[in-house]
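Scroll down for the structure; my scribbles are underneath it.
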Amino acid sequence: MSESRAFEVTFLTSFSDTCFRAIPALAQMADSIDLRLSIVHCHDPRRGAADAATARLRSFFPEADRYPGCQRRLVDGSPAEAVAQLHAERPIDLLVAPAGDPLGMPRLAHHSLRATLLRGPVPALWTVGPESSPAIVGRPVRHVACCVHVGTPGDAHIRLASRYASELGAVLHIVQILPEIHDGTMLRLAHAAPIDARSATERVRRLSPAAAAATIQVHVTTAQRLAYTLDAQCSADLVVVDGQAWTRRRAFLRRLDPVLDRLRRPVICVGPAADSVVWQPRRRERRQTRSWPVLAVARRRTPAEASLAG
Amino acid sequence: MIVRDRLPLRRVWPSVSRRLGVLFLFDLSIAVLYVKGGFTALALPSLPLAMMGAGLSVFLAFRNNSAYDRWWEARTLWGALVNDSRTFARQVLTLVDPVRTPARGRGSEAGDDDAGLVEWQIAYVHALRCHLRGQNAFPELEPLLPAHVVAWLRSQGNVPLGLLLHAGRTLRALYDAGRLDSYRLVQIDSTLARLCDVQGACERIKNTPLPRQYEFFPRVFVLLYCLLLPFGLVEGMGLLTPLASTLASFIFVALESIGREIEAPFENTVHDTPMTQLSRTIEINLRQTAGHAEVPADIRPVDGFVY
């Protein structure tokens, strides 16, 4: 990815309630980093006319029309194929895919779309669950939490989180998640990387030299207490996780771990494609001043001036 | 806001399914224990439950009325915002003496003459909507306002209030430039005062929730009533108790959740005041009033919902 290319963000919308609830986060993102937003809806021709779908797409997130370079696209076919096609046309840096509307019943044969998208060519997937808190979703990102499963490989999400935090000037929280305790745990942990704060910090700085100036805090928790840690210790505005580590498999079906949807805050799931791309959002230059804005108001012309002009 | 004629069950079911599922299983166990297990002591007289149900109905009715009043007041305030926005645009276009100089014409980039004030009003409406929703307004304000104004607004904690102050200073500058007399200035400033009143009332609704007792106690009493209901019905209904009890519980659970959903009309949910649609309506009206060539399209409901 060249330095001059804008950060491509594609919002894949199904018009669910969660998609509308994600809009403040996109507004905050648009004000924080230089991005180019595309709003995409995958239309099934068997379910209605394309004109109606286009009208719905235009009425969704209408304020985005003012964002620089924003475009809307109605695509036929499956979302996974649509994303692959769009990525081939112009590489997507961040795919926004909020959760769909809950059914209120167990979905036994459900194959998660988000888990499918994570296996595709897009390096990172931004998502938020139905239980997201409006107060957290739209606020500026000042604390980025990166969840690291102790003893598992994979550094792409750490690199991505540190880049994002350093670019936004946010505090980076490394949340080390201990595995479930059982008889074999002690043997596995003995071979795992050390989990002390200094080692974790050195690992982050080694992976991402850009994070050298960032403030890093290290926490240790378990998967059951992750939500509490993110709330009470990190005050995390954004969570970055390894998408593969948080994808659950049952028979031949894949789904994202339900814990992510219950976190009440946005989550960026980093896919395997992130290993081969340079993921670099650029902070927007924003001018701020306390000085009164100068008012340039044309005064009323005198009769003499009016006669000269006329 | 929901505008479709019929509310599909799949919109209601997720918010009540878990509670009703647990209650159904509980009711079923009570019925089976009474009918098959012979635990006749589980039956309770129905009179106390009837009294409890009546009291709970009154409580829920009062709570839902209060929630609806807040929802309706929010809609009324935004209706007033529509009217005042149109009034303001009409006033600045008709009461401010126009000036056309060789260097600057109508709708100049300086943005502080009468056409700039129309853009200002559009910006104010969008800023208020974002302020109430907790959304960053600056991506929308930057195309509408001069860069130096946006830079100053970033230092303001309350962006709509900053815009009101900027408008007031612009009117004062117009007065000093001889394009407004004192009478017309007072008239236009009174419109600004009404806009400020609307903003303050919206912030009052946003920042002052219903007393927490009105959320906590209804939920507790509804749960208690739903748990006791099968004990009062099992003697008369036997194995049909789960159906009857769950149906009655559904009514109370739905009433309790309705009040909770509509009491906060600025939370960016489907039950909100449709601020996005109203903002766009105001913008369309004002741009047409000001004679702008390009007017944005109206916002249509998406799947029967407008935001």
Side-chain angles (χ1 to χ4, degrees), chain A residues 13-17 19-32 35 37 52 55-68 70 101-105 130 134-140 284 286-302 305 309, chain B residues 10-11 13-18 97 99-102 104 108 110-113 126 130 133-140 142-144 146-155 166 169-170 173-174 176-179 267-270 276-277 279-280 296-303 305-307:
Chain A
T13 177
S14 60
F15 309 130
S16 64
D17 288 353
C19 288
F20 284 94
R21 215 174 299 164
I23 289 173
L26 270 293
Q28 186 61 47
M29 208 186 293
D31 194 43
S32 303
L35 60 80
L37 179 63
R56 287 156 69 206
L57 182 61
R58 283 205 188 111
S59 294
F60 173 77
F61 196 4
E63 54 264 46
D65 291 337
R66 289 210 165 84
Y67 296 4
C70 176
D101 287 328
L103 285 181
M105 288 182 292
I136 299 176
V137 169
R139 69 188 184 195
R284 282 192 72 210
R286 297 178 302 188
R287 197 167 67 91
Q288 178 174 322
T289 176
R290 288 194 172 274
S291 306
W292 291 109
V294 174
L295 300 174
V297 172
R299 66 176 178 83
R300 183 177 184 169
R301 283 187 289 180
T302 62
E305 290 170 338
Chain B
R10 63 184 174 86
R11 295 291 312 183
W13 180 248
S15 61
V16 300
S17 59
R18 192 174 295 177
D97 293 335
V99 169
R100 283 182 178 79
T101 66
R104 193 188 309 138
S108 67
D112 292 318
D113 56 9
H126 290 305
C130 293
R133 282 209 175 124
Q135 181 174 328
N136 190 316
F138 290 104
E140 298 180 60
E142 283 175 352
L144 290 170
H148 62 289
V149 176
V150 174
W152 176 74
L153 286 173
R154 286 190 183 277
S155 66
H166 176 69
R169 294 185 67 239
T170 304
L174 288 169
D176 291 339
R179 294 172 61 188
E267 296 300 311
N268 199 24
T269 67
V270 72
T276 305
Q277 187 190 45
S279 306
R280 180 58 67 91
D298 199 5
I299 291 175
R300 300 299 174 88
V302 177
D303 294 341
F305 308 106
V306 286
Y307 277 77

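Numbered from 1 within each chain, the chains take letters A, B, ... in sequence-line order. Predicted, not measured: the structure shown is a model, and the values here were computed from it.
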Next on the checklist: If you count every heavy atom of other residues, nucleotides or ligands that lies below 6.0 Å from B:Arg300 atom CZ, does the total exceed 12?
Outcome noted: no
Checklist entry - In terms of heavy-atom contacts, does CZ of A:Arg58 have more than 12 from other residues, nucleotides or ligands at under 6.0 Å? => result no
Next on the checklist: Over 60° means perpendicular and under 30° means parallel, so tell me whether A:Phe20 and B:Tyr307 are parallel, tilted or perpendicular.
Outcome noted: parallel
Checklist outcome for this item: Applying a strict 4.5 Å limit to non-hydrogen atoms, the region of B:Leu144 in contact with chain A is side chain
Item to check | A:Pro62 versus chain B, the contacting section by heavy-atom distance below 4.5 Å | outcome: both
Item to check | Note: A:Asp31-B:Arg154 ion pair, threshold 4.0 Å (strictly below) | outcome: yes
Next on the checklist: Looking at B:Glu142 and A:Arg286, is there a salt bridge between them, counting it only when a charged N and a carboxylate O are closer than 4.0 Å?
Outcome noted: no
Checklist entry - Quick one: what part of A:Arg284 sits under 4.5 Å from any heavy atom of chain B, side chain, backbone, both or neither? => result side chain
Next on the checklist: Please identify, among A:Gly138, A:Ala27, A:Ala25, the residue contributing the most non-hydrogen atom pairs under 4.5 Å to chain B.
Outcome noted: A:Ala27
Item to check | Residue selection (most heavy-atom pairs with chain A, distance under 4.5 Å) from B:Glu140, B:His126, B:Gln277 | outcome: B:Glu140
Checklist outcome for this item: Applying a strict 4.5 Å limit to non-hydrogen atoms, the region of B:Pro139 in contact with chain A is both
Checklist entry - Does a side-chain N-to-carboxylate-O contact under 4.0 Å join B:Asp303 and A:Arg56? => result yes
Checklist entry - With chain B, which of A:Gln28, A:Glu63, A:Arg21 has the greatest number of heavy-atom pairs at distances under 4.5 Å? => result A:Glu63
